[in-house]
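Below, chain A is the first sequence line, B the second, and so on; all start at residue 1. It should be emphasised that the depicted structure is a prediction, and the values quoted were computed from it without experimental measurement.
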There are 2 protein chains.
Amino acid sequence: MIKKPLTDPAPCTGNLLAMTDTFDILGGKWKLLILHYLILREDINNTFKKIERDIVGISAKVLSKELKELEFNQLIKREEQKTKPITVAYSITEYGKSTKEIIDILVQWGQTHRIKILNED
Amino acid sequence: MIKKPLTDPAPCTGNLLAMTDTFDILGGKWKLLILHYLILREDINNTFKKIERDIVGISAKVLSKELKELEFNQLIKREEQKTKPITVAYSITEYGKSTKEIIDILVQWGQTHRIKILNED
DNA sequence: CAGCATCCCGTGGGATACTG
DNA sequence: CAGTATCCCACGGGATGCTG
């Protein structure tokens with residue numbers, strides 16, 4: 001039987017670092033919701049206003065900040081359209097689609113949890 | 001702690017709701033780090049003090065709050081030990097282990113992202 | 001319409017001290 | 001040791017108004 005060092009310094013630093021990286025980029029309550037929205041509506045003209053209306057509870061100020069950060073990290077693409085009053089369309093990038101597996105697992109976990117809770121008591 | 005259904009015309013309401021449920025339970029920057037820590041150290045005596053030391057950056061006040069919420073949602077178990085100055089050990093529950101797939105994906109994504117960034121420019 | 005500037009408030013969380 | 005209680009401040013984010 002092999003013993004581990006007793007004074008075990010913070011275990012798995014690498015993993016913690018990687019998770020923190022992910023939180024930094026995708027963290028907060030909105031980014032993954034926005035990515036989910038854009039992934040499902042890949043071929044649609046998703047204007048700022050439309051996103052703001054569809055994602056219930058988000059304010060324009062916060063949405064603006066979130067979109068900017070997502071664009072900075074190349075997860076979404078921003079395109080100004082030459083309309084009368086200017087409109088802007090946002091879309092998912094190929095790289096942005098890599099978050100789909102995260103989203104799917106979070107959705108699945110949430111659904112399972114809800115079922116678990118309902119079956120209690 | 002589950003949110004009430006939103007009266008929400010947005011597409012894919014169910015998915016958004018499920019994701020929001022997950023955020024409510026596992027959200028914030030600490031809960032998944034704590035679960036990850038406890039999953040890896042399943043058979044170890046994880047006292048409050050030990051966790052506080054190993055998870056760099058967390059304060060006792062916040063750790064206390066997070067542990068309470070995780071226990072409330074049955075993701076971890078709290079056990080007082082009959083030591084001289086009382087100690088408390090926390091451990092992952094079977095249900096808590098269901099978060100491992102989430103953690104694994106977040107770790108993996110973070111690592112991949114880091115590699116991507118390094119290979120740019 | 002998109003999104004920035006301002007003002008303003010609630011609260012999350014740090015620092016510190018105290019208790020069982 | 002494992003928390004709890006207080007004080008206190010920074011800042012996230014709402015509301016509103018303005019501009020290109």
Side-chain angles (χ1 to χ4, degrees), chain A residues 6-8 10 20 23-35 37-38 41 44-73 75-92, chain B residues 1 3 6 8-10 20 23-35 37-38 41 44-73 75-92:
Chain A
L6 290 181
T7 47
D8 186 7
T20 306
F23 287 154
D24 287 344
I25 298 164
L26 304 177
K29 58 183 287 195
W30 296 116
K31 294 208 179 63
L32 284 170
L33 292 179
I34 294 168
L35 290 169
Y37 180 88
L38 292 179
R41 315 178 94 253
I44 300 178
N45 193 41
N46 303 296
T47 66
F48 184 91
K49 205 59 179 181
K50 196 165 199 1
I51 301 174
E52 183 188 357
R53 267 194 306 260
D54 286 345
I55 299 190
V56 179
I58 198 168
S59 69
K61 180 172 159 185
V62 172
L63 177 58
S64 174
K65 193 199 65 182
E66 300 289 58
L67 290 172
K68 203 172 294 176
E69 292 172 7
L70 289 173
E71 189 199 2
F72 176 83
N73 282 307
L75 296 163
I76 65 173
K77 194 178 56 173
R78 179 186 187 279
E79 277 173 305
E80 294 195 359
Q81 298 174 138
K82 302 302 176 197
T83 46
K84 6 189 171 176
I86 206 169
T87 54
V88 179
Y90 292 90
S91 56
I92 195 80
Chain B
M1 272 220 187
K3 269 195 179 174
L6 305 167
D8 173 10
T20 305
F23 288 154
D24 287 343
I25 297 161
L26 304 177
K29 59 184 284 197
W30 297 116
K31 293 208 179 65
L32 284 170
L33 292 179
I34 294 169
L35 290 169
Y37 180 88
L38 292 178
R41 314 178 96 254
I44 300 177
N45 192 42
N46 302 297
T47 65
F48 184 90
K49 205 58 177 182
K50 196 166 196 7
I51 302 174
E52 182 188 358
R53 269 194 305 259
D54 285 345
I55 300 190
V56 180
I58 198 167
S59 69
K61 180 170 157 185
V62 171
L63 178 57
S64 174
K65 193 199 65 183
E66 301 288 58
L67 289 172
K68 206 173 291 177
E69 292 171 8
L70 289 172
E71 189 199 0
F72 177 84
N73 282 306
L75 296 163
I76 66 174
K77 193 178 58 176
R78 180 186 187 278
E79 276 172 305
E80 295 195 359
Q81 299 173 136
K82 302 303 176 196
T83 46
K84 3 187 172 176
I86 205 168
T87 56
V88 179
Y90 292 90
S91 57
I92 194 81

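The residue from B:F48, B:F72, B:W30 that alone fulfils the side chain to side chain contact (heavy atoms under 4.5 Å, CB included) condition with B:L67 is B:F48.
Using a 4.0 Å heavy-atom distance criterion, B:K68 is classed as a sugar-phosphate-only contact. At a threshold of 4.0 angstrom between heavy atoms, the contacts of B:K84 with the nucleic acid are absent.
Distance A:L63 CG to C:dG3 P: 8 Å, rounded to the nearest Å. Across the protein-nucleic acid pair, B:I51 atom CD1 and D:dA2 atom P stand 9 Å apart, rounded to whole Å. Look at CG on B:N46: it is 16 Å from P on D:dC1, rounded to the nearest Å. When rounded to the nearest whole Å, the span between CH2 of A:W30 and C1' of D:dG14 equals 13 Å. Here C:dA5 presents its P atom at 15 Å from NZ of A:K65, a figure rounded to the nearest Å. Rounding to whole angstrom units, CD1 of residue B:I58 and P of C:dA15 are separated by 14 Å. Per the geometry, CD belonging to B:E79 stands 15 Å off C1' belonging to D:dA2, to the nearest Å. The nearest whole Å value for the distance from the CD atom in A:Q81 to the C1' atom in C:dC1 is 11 Å.
In terms of phosphate contacts, A:T47 brings a side-chain nitrogen or oxygen within less than 4.0 Å of OP1 or OP2 of C:dA2. Of the side-chain N and O atoms in B:Y90, none sit less than 4.0 angstrom from OP1 or OP2 of D:dC1. Listed pair B:R53 / D:dA2 fails the phosphate criterion, with no side-chain N or O lying under 4.0 Å from OP1 or OP2. For C:dG14, one of the phosphate oxygens OP1 or OP2 lies less than 4.0 angstrom from a side-chain nitrogen or oxygen of B:S59.
Side-chain contact between A:L75 and A:L26: present, with at least one pair of heavy atoms (C-beta onward) separated by less than 4.5 Å. Between A:N46 and A:D54, the closest side-chain pair of non-hydrogen atoms is not below 4.5 Å.
The two atoms that bring B:N45 and B:K50 nearest to each other are O-CD, 3.8 Å, heavy atoms only.
Under 4.0 Å is where a charged nitrogen must lie from a carboxylate oxygen, and between B:E71 and B:K68 no such pair does.
Distances were taken from every side-chain heavy atom of B:K49 (C-beta onward) to each of D:dA2, C:dC1, C:dG3; the shortest belongs to D:dA2. Closest contact between the side chain of A:S64 and the listed nucleotides D:dC1, C:dC4, C:dA2 involves C:dC4. Side chain of B:R78, nearest nucleotide from C:dG14, D:dA2, C:dG3: D:dA2. Taking the side chain of A:V62 as heavy atoms from C-beta on, and the options D:dG3, D:dG14, D:dC1, the nearest nucleotide is D:dG14. Side-chain proximity of B:P85 to D:dC1, C:dG14, C:dA2: nearest is D:dC1. Between D:dG3, C:dG14, C:dG3, one nucleotide has an atom nearer to the side chain of B:V88 than all others, and that is D:dG3.
B:K61 contributes a side-chain N or O that forms a donor-acceptor pair with the base of C:dG14 under 3.5 Å.
Note that CG of A:L70 is 8.0 Å distant from CD1 of A:I92, once rounded to the nearest 0.5 Å.
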